[in-house]
Novice: 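Attaching a single structure in structure tokens format; questions to follow.
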Amino acid sequence: MTADTSEWFSEAVLGWFDRHGRKDLPWQRDPSPYRVWVSEIMLQQTQVAVVIPYFERFLAQFPTVADLAETSEDRLMAIWSGLGYYARARNLHRAAGLIRDLHGGVFPTAIEPLLALPGIGRSTAGAVLSLALDQPHPILDGNVKRVLARAFGVEGWPGQAPVLARLWTLAERLTPENRVGAYNQGMMDLGATLCTRRAPACARCPLSERCVARRSGRQAELPTPRPRRSPAERETLMLLLVDPTGDILLERRPKSGIWGGLWSLPEIAPGADPRDWCLAGLGVVPARVEMIGARRHSFSHFNLDIRIALVQLDTMPGQVADDAGRRWLNRADLDALGLPAPVKDILDRFQAGRAQSPVRAQPHGDVS
DNA sequence: AACTCGGGGGA
DNA sequence: TCCCCAGAGTT
């Protein structure tokens, strides 16, 4: 690539950004490194429209990195619940503690200390420093990958190391020395609003004149999609245990794996008997066990069939309070915890049904 | 039903 | 270094 191409490219992006880019997102008002960092971590996994209310709640709860460092994991997870990728919330928390302990509570403004923090890689570090402080670092998020792969005709799935390296080289050479924040934001906005995965709006794109994909009609083929794998099937049986006061038993999930660290309903093998679990785990025999529904939850790499057993106790179970990984909770307590989206939905529906008729549960629909 | 997302961590 | 993993929303 010639220097002329590089200059033409960044001028085209900056000119378009000045006229059409997004400049009023919540984290663009007072774009401190802390605020941009939180927004970038949220945006790694979720689209802008979904992130905005989460971002506002997060910043209201934790206005500074010091507030985040001091909070409990449960309070953090309650805010993060529903966003997914919960390990990243824990990385955010760990990083805040490291900033407190290693950097005197001051958010690092150089790339090396940023890269040393958990959850921050090259692209996120570059985004924080360029968007917040206009430092000259390239970024390479999903939007930028798509724009570059099309504009320069980069073949191959960007998950492959050689393809990724080629894209990083392009990003380095194209990123201007001045107005880096505006350029990087412009690249992300181009990818998010014009150079979309399907049906890109090439007619309005400032790069279309020289875009390799556009000139060869290969917008639909670039970037090369990830090779597909057929998803596995899994089954689980969730226990909705209700004690005589109406409290519901939750268990904390292991930190690794799906819904890591979140509170969830106890799960047993699909063929196991909930009565056996109650006797072994709680020392009581339930008054009543009833299958009240099922649902299917899809992940990108497996499908999970969830069946739900309502287990009602007529005697108070003992000694559960001693176990930090298990809690009996009322409705207000449940709202303060981080719950996986399908579990929250199951409990919401159950509570709604119970509000109408205290004894019967609301059916949840069937596995399709 | 298929697709998406940056970084962590195990092999 | 390579490969797998994660979760909810969108289309």
Side-chain angles (χ1 to χ4, degrees), chain A residues 36-54 77 80-95 98 111 114-128 131 137-147 149 156-165 167-168 171 184 187-188 191-193 195-200 220-234 236 253-262 264 295-304 306 338-346 367-368:
Chain A
V36 173
W37 172 50
V38 172
S39 75
E40 285 298 319
I41 300 299
M42 289 184 171
L43 288 165
Q44 282 173 9
Q45 62 207 44
T46 314
Q47 299 199 344
V48 168
V50 180
V51 161
I52 287 174
Y54 280 92
M77 285 304 181
W80 201 268
S81 175
L83 264 183
Y85 282 103
Y86 301 95
R88 297 183 190 191
R90 280 200 306 280
N91 281 338
L92 212 54
H93 197 205
R94 281 173 56 208
L98 289 168
I111 194 146
L114 271 188
L115 288 171
L117 295 172
I120 298 183
R122 188 179 177 189
S123 187
T124 300
V128 169
L131 299 180
H137 299 287
I139 62 171
L140 193 61
D141 74 353
N143 287 313
V144 177
K145 286 174 185 169
R146 191 166 53 252
V147 172
W157 175 51
Q160 293 176 297
V163 180
L164 191 64
L167 291 170
W168 268 117
N184 280 343
M187 286 291 284
M188 292 191 287
T193 63
C195 196
T196 49
R197 187 166 59 83
R198 294 191 308 167
E221 285 78 52
L222 294 173
T224 309
R226 158 199 289 272
R228 283 226 306 274
R229 298 175 310 211
S230 57
E233 301 288 336
R234 294 190 203 170
T236 190
R253 297 185 59 88
K255 293 207 170 192
S256 62
I258 66 167
W259 304 324
L262 269 68
S264 185
R295 63 185 53 230
R296 185 176 174 85
H297 195 70
S298 293
F299 300 87
S300 53
H301 54 301
F302 66 92
N303 297 312
L304 183 64
I306 303 171
L339 300 176
V343 174
K344 178 168 168 42
D345 190 50
I346 288 166
V367 177
S368 56

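The chains referred to below are lettered A, B, ... by the order of the sequence lines, with proteins before strands, and numbering in each begins at 1.
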Novice: Does OP1 or OP2 of dG8(B) have a side-chain N or O of Y85(A) closer than 4.0 Å?
Specialist: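 Indeed not, no polar side-chain atom of Y85(A) lies that close.
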Novice: Between G260(A) and Q47(A), just flag the one whose closest nucleotide in DNA chain C comes earlier from the 5' side.
Specialist: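 It is G260(A), whose closest nucleotide lies nearer the 5' terminus.
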Novice: What is the distance, to the nearest angstrom, from the CD1 atom on I258(A) to the P atom on dG7(C)?
Specialist: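 I258(A) atom CD1 is separated from dG7(C) atom P by 8 Å.
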Novice: Base, sugar-phosphate alone, or nothing: which one does P223(A) contact when heavy atoms must sit under 4.0 Å apart?
Specialist: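 The answer is nothing, as P223(A) stays clear of every strand by at least 4.0 Å.
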Novice: Counting any heavy atom closer than 4.0 Å, what does K344(A) reach on the DNA or RNA strands: base, sugar-phosphate only, or nothing?
Specialist: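 It contacts nothing in the nucleic acid.
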Novice: Side-chain N or O of T124(A) less than 4.0 angstrom from OP1 or OP2 on dG7(B)?
Specialist: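 So the side chain of T124(A) is within the cut-off, an N or O lying under 4.0 Å from OP1 or OP2 of dG7(B).
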Novice: Quick one, I41(A) and W80(A) - any side-chain contact, counting heavy atoms below 4.5 Å?
Specialist: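 Yes; the side chains approach each other to less than 4.5 Å.
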Novice: Mind calculating the distance between CG (L339(A)) and C1' (dG7(C)) to the nearest angstrom?
Specialist: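 Taking atom C1' of dG7(C) as the reference, CG of L339(A) is at 15 Å.
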Novice: Do any side-chain nitrogens or oxygens of H297(A) fall under 4.0 Å of OP1 or OP2 in dA8(C)?
Specialist: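 So the side chain of H297(A) is within the cut-off, an N or O lying under 4.0 Å from OP1 or OP2 of dA8(C).
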Novice: Would you kindly give the CH2-to-P distance between W80(A) and dG7(C), to the nearest whole Å?
Specialist: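 That distance rounds to 11 Å.
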Novice: What is the nucleic acid contact for A161(A), judged by heavy atoms within less than 4.0 Å: base, sugar-phosphate only, or nothing?
Specialist: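 Sugar-phosphate: the residue A161(A), judged by heavy atoms under 4.0 Å, touches backbone atoms but no base.
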Novice: Check every atom of dG8(B), dA8(C), dG7(B) against the side chain of P342(A) and return the nucleotide holding the closest atom.
Specialist: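 Among dG8(B), dA8(C), dG7(B), the one nearest the side chain of P342(A) is dA8(C).
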Novice: Want to settle it: does P225(A) or G121(A) sit nearer the 5' end of DNA chain B, counting the closest nucleotide to each?
Specialist: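 Final value for this comparison: P225(A).
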Novice: Give, for atom CG of L98(A) and atom CG of L117(A), the distance between the pair rounded to the nearest 0.5 Å.
Specialist: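 CG of L117(A) is found 6.0 Å from CG of L98(A).
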Novice: Tell me what I41(A) touches on the nucleic acid: a base, only sugar-phosphate, or nothing, going by heavy atoms under 4.0 Å.
Specialist: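 Nothing, no heavy atom under 4.0 Å.
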Novice: Would you classify P118(A) as touching base, sugar-phosphate or nothing, given that sugar-phosphate means primed atoms plus P, OP1 and OP2, and contacts are heavy atoms under 4.0 Å?
Specialist: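 Here P118(A) touches the backbone only, sparing every base.
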Novice: Between dA1(B) atom P and R226(A) atom CZ, what is the distance in whole Å?
Specialist: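 Answer to the nearest Å: 20 Å.
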Novice: Return the value, rounded to whole Å, for the distance between atom CG of N91(A) and atom P of dC5(C).
Specialist: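 Atom CG in N91(A) sits about 19 Å away from atom P in dC5(C).
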Novice: Can you tell me how far P in dG10(B) sits from the matching atom in dG7(C), rounded to whole Å?
Specialist: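 About 16 Å, rounded to a whole number of Å.
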Novice: Atom CD of Q44(A) and atom P of dG8(B): how far apart are they, to the nearest Å?
Specialist: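 My rounded result for the distance is 9 Å.
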Novice: Let me confirm one number: the OH-CG distance from Y86(A) to L262(A), rounded to the nearest 0.5 Å.
Specialist: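 The CG atom of L262(A) is 5.5 Å from OH of Y86(A), to the nearest 0.5 Å.
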Novice: With the side chain counted from C-beta on, respond yes when I120(A) and W37(A) share a heavy-atom pair under 4.5 Å apart, and no when they do not.
Specialist: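 Contact flag for I120(A)/W37(A) side chains = yes.
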Novice: When you get a sec, tell me which of dT4(B), dG9(C), dG7(C) is the closest nucleotide to the side chain of R197(A)?
Specialist: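 Of the candidates, dT4(B) comes closest.
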Novice: Hey, which of these two, T46(A) or G119(A), hits DNA chain B nearer its 5' end, going by closest nucleotide?
Specialist: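 The residue closer to the strand's 5' end, by nearest nucleotide, is T46(A).
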Novice: Please check this pair: side chain of R253(A) against backbone of S264(A), looking for a donor-acceptor N/O pair closer than 3.5 Å.
Specialist: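 Here the side-chain-to-backbone pair does not exist.
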Novice: Can you check the I346(A) CD1 to dA8(C) C1' distance for me, whole Å?
Specialist: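 For the pair I346(A) CD1 and dA8(C) C1', the rounded distance is 15 Å.
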Novice: Taking dG9(C) as the reference, what is the distance to dG8(B) when you measure between their P atoms (whole Å, please)?
Specialist: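 So the two P atoms sit 24 Å from each other.
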Novice: Evaluate whether atom CD of Q160(A) has more than 12 neighbouring non-hydrogen atoms of other residues, nucleotides or ligands under 6.0 angstrom away.
Specialist: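 More than 12 heavy atoms, drawn from other residues, nucleotides or ligands, come within 6.0 Å of this atom.
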Novice: With rounding to the nearest 0.5 angstrom, report the CG to CE distance, L131(A) to M188(A).
Specialist: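 Here the interatomic distance stands at 4.5 Å.
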Novice: Mind checking R146(A) for me? I need base, sugar-phosphate or nothing, with any heavy atom below 4.0 Å counting as a touch.
Specialist: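 Result for R146(A) = sugar-phosphate.
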Novice: Measure CZ/R90(A) against P/dG7(B) and give the value in whole Å, please.
Specialist: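 In whole Å, dG7(B) P lies 18 Å from R90(A) CZ.
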Novice: Counting heavy atoms from C-beta on, name the nucleotide in dG9(C), dG7(B), dA8(C) closest to the side chain of S123(A).
Specialist: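 Selected nucleotide: dG7(B).
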Novice: Considering every strand and a 4.0 Å limit on heavy-atom distances, what is the contact class for G159(A): base, sugar-phosphate, or nothing?
Specialist: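 Touches nothing.
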Novice: Which value, in whole Å, describes the distance between the C1' atoms of nucleotides dG9(B) and dA8(C)?
Specialist: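 That atom pair is separated by 23 Å.
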